[in-house]
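Below: the structure, in structure tokens.
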Amino acid sequence: MVAEMNRTSIRNLDAVGQGEKVRLNGWIQDLRKLKSISFVVLRDHTGTVQVTLKPDAVSNYNEVSELSRESVLEIEGKVDRKSGAKSGLEIQALNVNILNIARSPLPLGIDDPVEADFDTRLNNRFLDLRKPENNIIFRVESSLLWGMRKYLMSQNFVEVHTPKVVAAATEGGADLFRVKYFEKDTYLNQSPQLYKEILMSSGMDRVFEVGPAFRAEEHNTPRHLNEFTSVDIEMSFADHNDAMSMLENAVKSGIEEVLKNNADALKFLGKELKVPEVPFPRITYSDCVGIVEKKGFKFNFGEDFNTEHLREIGKEFPGFYFITEWPATVRPFYTMPNPNDPKLTNSYDLQFGEKEITSGAQRVHDPDMLEKRFMEKGLNPSDFEFYIKAFRYGMPPHAGWGLGLERLTMIILDIPNIRSVTLFPRDRTRVVP
RNA sequence: GCCCUGGUAGUGUAGCGGCCUAUCAUACGAGCCUGUCGAGCUCGUGACUCGGGUUCAAAUCCCGGCCAGGGCGCCA
């Protein structure tokens, strides 16, 4: 056994001297058995290395040389830079401990020349994620979120956790998953919106939450999930401009963190990433309507843009930009009307080209106005009593946003399908694994 | 939810009424090779999405289900 030695990551073998002993742990990516010598390509989460097995050096040579791909090994061996290995470095095995044997054939080859369908990949996600190009995505996403968290913490935000099982719809009604909750009918929350706002009334001043959001919409696109990760903030004594500033700086900080921690991953994936300049451009909804009309589309003021429209707008503004001052008709009840033009609102979307990443606004903080807005949207204020109550006893003006973490990850890595940046995606039909 | 396309060995594909006892690659199994490195070579194993229908005959045509991919609606 080699347990007393520290495990060396394959990536760190470069720093190990010629002839020094190391202990490696990983999976058999490939095994080539010749007449009286065998080669194992061992993989851990940092890379691969060739291990040479010789019958006279390894006591269980016969057993090891017959192992299936993806079996798990612990190997003690000597670093050898003078062998014929093409990589210039290999391990001469001294001891091999078989930790687990993989069944064969694999449902999905890790290193096969044939590509698997996306569906097959997702059905066998644990194997799919053994490919570096896939698991690297989640390391990048982790850094991205860490960078955003760091910025928000630096701005005195408090990370909070609000319930996902709720009694009432957040923004309407039709698109919620029903959940049996003992004798009550409840729903999975589509957004932490109402709870974030209640926390503004609690005096917490600035909060953010990273958590799941559920949408029971039957969409079937490469950029929608029925469960996604929402990064939400809400801040008191602030308007939409303050919130936009938080957003662009949080995104910038996230990207900086990715560049700091994942430069090798970006290089491996062949992606170029640059820190975006802040502030991001702000374009009003009205100006966007002008762009759309100039391209020859008929457009009625007050409508939302469709994919084709956003594509045209995106062409004008490569990179991140805000679309601001949306008409009230296309924004939720809690959106603050623009004091100069009540048809418009103090709202914004963060876009990257044609893709929407974030939706935000200054919120209504006056309870009477809020009730009026509920009724204008065809909602019954009494269904939201627990929420409106928090506005009646001193609700500060506030603003915030909700950002789709997977969407942002897709954008910075230029990945076309949101399922690729989700470990176990939930879409219209997929609930397993 | 709508429109289009598709579902053939473990994986990815060819075939699209009888010549299919179904192609090729990869994987898997057996063998050869003291140094391979997308190893190579020989031999072998392994498949027509499900349910109806049309036809002398269906992987192939028709209908429906399920699933997937692309587009749209809608959104984060």
Side-chain angles (χ1 to χ4, degrees), chain A residues 29-42 48-57 65-66 68-70 80 83-90 92 102-124 127-128 170-172 174-175 190-193 211-232 247 303-311 330-332 349-352 355-360 401-411 416-419 421-422 427-430 432:
Chain A
Q29 181 155 108
D30 194 15
L31 191 153
R32 291 184 283 274
K33 190 188 177 192
L34 278 68
K35 176 113 180 170
S36 56
I37 188 168
S38 292
F39 302 94
V40 165
V41 176
L42 191 77
T48 58
V49 68
Q50 176 164 288
V51 179
T52 302
L53 306 169
K54 289 177 179 166
D56 51 351
S65 64
E66 294 296 331
S68 51
R69 297 196 300 172
E70 297 304 315
D80 185 358
S83 69
K86 278 191 180 170
S87 63
L89 183 151
E90 67 177 16
Q92 297 288 349
R103 281 199 200 177
S104 170
L106 298 163
L108 180 69
I110 308 301
D111 200 33
D112 289 357
V114 289
E115 271 298 299
D117 282 347
F118 199 27
D119 190 44
T120 308
R121 290 177 46 201
L122 291 178
N123 285 336
N124 300 282
L127 281 172
D128 186 51
T170 307
E171 298 168 26
D175 50 359
Q190 61 155 228
S191 148
Q193 183 61 31
F214 303 90
R215 305 276 163 95
E217 289 152 10
E218 301 198 6
H219 37 43
N220 187 219
T221 81
R223 59 195 169 278
H224 288 88
L225 294 169
N226 293 287
E227 176 179 355
F228 67 95
T229 304
S230 182
V231 180
D232 271 85
L247 178 52
E303 284 177 0
D304 207 345
F305 300 114
N306 67 28
T307 307
E308 215 173 357
H309 302 146
L310 287 172
R311 207 169 287 146
V330 293
R331 303 305 277 201
D349 280 359
L350 177 62
Q351 299 278 137
F352 186 93
K355 293 170 185 138
E356 181 182 342
I357 312 160
T358 310
S359 193
W401 41 260
L403 174 146
L405 180 62
E406 293 89 351
R407 289 246 177 118
L408 185 57
T409 309
M410 283 170 83
I411 283 161
N417 194 322
I418 197 163
R419 294 166 182 84
V421 301
T422 308
D427 60 26
R428 178 67 187 81
T429 52
R430 179 179 290 281
V432 174

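Residue numbers start from 1 in every chain, and the chains themselves are labelled A, B, ... in the order their sequence lines are given, proteins ahead of strands.
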- Query: Does the ring of A:Phe228 lie flat against the base of B:rA76, closer than 5.5 Å centre to centre with planes under 30°?
  - Reply: yes
- Item | Step-by-step side chain to side chain contact (heavy atoms under 4.5 Å, CB included) determination, A:Asp427 to A:Asn220 | CA-CA 7 Å; A:Asp427 60 26; A:Asn220 187 219; 5.8 Å; no
Return the nucleotide paired to [N]: Watson-Crick means purine N1 to pyrimidine N3 with N6-O4 or O6-N4, wobble means G-U with N1-O2 and O6-N3, both under 3.5 Å.
| N | value |
| --- | --- |
| B:rA22 | none |
| B:rC16 | none |
| B:rU49 | B:rG65 |
| B:rC28 | B:rG44 |
| B:rG73 | none |
| B:rU60 | none |

Spacing of the [atom1] atoms in [M] and [N] (rounded, Å):
| N | M | atom1 | value |
| --- | --- | --- | --- |
| B:rC24 | B:rG44 | P | 12 Å |
| B:rU8 | B:rC72 | C1' | 31 Å |
| B:rC4 | B:rU11 | P | 29 Å |
| B:rC16 | B:rG6 | P | 14 Å |
| B:rU49 | B:rA59 | C1' | 11 Å |
| B:rC50 | B:rC67 | C1' | 11 Å |
| B:rG53 | B:rG71 | P | 38 Å |
| B:rG29 | B:rC61 | C1' | 39 Å |

- Spell out, as yes or no, whether a donor-acceptor pair under 3.5 Å connects the side chain of A:His309 to the backbone of A:Asn306. yes
- Item | Donor-acceptor pair, side chain of A:Asp349 and main chain of A:Gln351, under 3.5 angstrom | no
What does [X] touch in the nucleic acid at a heavy-atom separation under 4.0 angstrom: a base, only the sugar-phosphate, or nothing?
| X | result |
| --- | --- |
| A:Gly109 | nothing |
| A:Glu218 | base |
| A:Ile357 | sugar-phosphate |
| A:Asp349 | nothing |
| A:Ser230 | nothing |
| A:Pro107 | sugar-phosphate |
| A:Leu408 | nothing |
| A:Asp111 | nothing |
| A:Arg311 | sugar-phosphate |

Counting side-chain heavy atoms from C-beta on, which of [options] comes nearest to [X]?
| X | options | result |
| --- | --- | --- |
| A:Pro113 | B:rU26, B:rA76, B:rG71 | B:rU26 |
| A:Thr120 | B:rU11, B:rC74, B:rA39 | B:rU11 |
| A:Pro105 | B:rU36, B:rG69, B:rA27 | B:rA27 |
| A:Asp112 | B:rA76, B:rU26, B:rC28 | B:rU26 |
| A:Asn417 | B:rC74, B:rC67, B:rG70 | B:rG70 |
| A:Lys35 | B:rU34, B:rU26, B:rC72 | B:rU34 |
| A:Glu356 | B:rG35, B:rG12, B:rC75 | B:rC75 |
| A:Ala116 | B:rA68, B:rG12, B:rG71 | B:rG12 |

I'd like to know if [X] reaches the base of [N] with its side chain such that a donor and an acceptor end up less than 3.5 angstrom apart.
| X | N | result |
| --- | --- | --- |
| A:Gln50 | B:rU36 | yes |
| A:His219 | B:rC75 | no |
| A:Glu90 | B:rG35 | yes |
| A:Lys54 | B:rG35 | yes |

Phosphate oxygens OP1/OP2 of [N]: is one of them under 4.0 Å from a side-chain N or O of [X]?
| X | N | value |
| --- | --- | --- |
| A:Thr221 | B:rC75 | no |
| A:Thr52 | B:rU36 | no |
| A:Thr307 | B:rG73 | yes |
| A:Arg428 | B:rG1 | yes |
| A:Arg430 | B:rC66 | no |
| A:Ser359 | B:rA76 | yes |
| A:Arg69 | B:rC28 | yes |
| A:Arg32 | B:rC37 | no |

- Message: Evaluate A:Ser191 against A:Arg215 for side-chain hydrogen bond (donor to acceptor under 3.5 Å, both in side chains), listing each step before the verdict.
- Response: CA-CA 9 Å; A:Ser191 148; A:Arg215 305 276 163 95; 5.1 Å; no
- Item | 5′-ward residue of the pair A:Ser36/A:Leu106 relative to RNA chain B | A:Leu106
- Ranking A:Phe39 and A:Glu227 by the position along RNA chain B of their nearest nucleotide, the one closer to 5' is A:Phe39
- Note on the structure: A:Glu70 meets the salt bridge (Lys or Arg N to Asp or Glu O under 4.0 Å) criterion, sequence neighbours left out, with A:Arg43, A:Arg130
- Message: Using the rule given for side chain to side chain contact (heavy atoms under 4.5 Å, CB included), can you reason through A:Lys54 versus A:Ser38, listing the C-alpha separation, both sets of side-chain angles and the distance that settles it, and then say yes or no?
- Response: CA-CA 7 Å; A:Lys54 289 177 179 166; A:Ser38 292; over 6 Å; no
- Task: Mind running side chain to side chain contact (heavy atoms under 4.5 Å, CB included) on A:Val49 and A:Val41 for me, showing each step along the way?
- Result: CA-CA 6 Å; A:Val49 68; A:Val41 176; over 6 Å; no
- Message: I'd like to know whether CD of A:Glu115 has more than 12 heavy-atom contacts from other residues, nucleotides or ligands below 6.0 angstrom.
- Response: no
- With A:Arg69 as partner, the option from A:Asp111, A:Asp112, A:Asp30 fulfilling side chain to side chain donor-acceptor pair (under 3.5 Å) is A:Asp112
- For A:Lys355 and B:rC74, give me the distance from atom NZ to atom P, rounded to whole Å. 19 Å
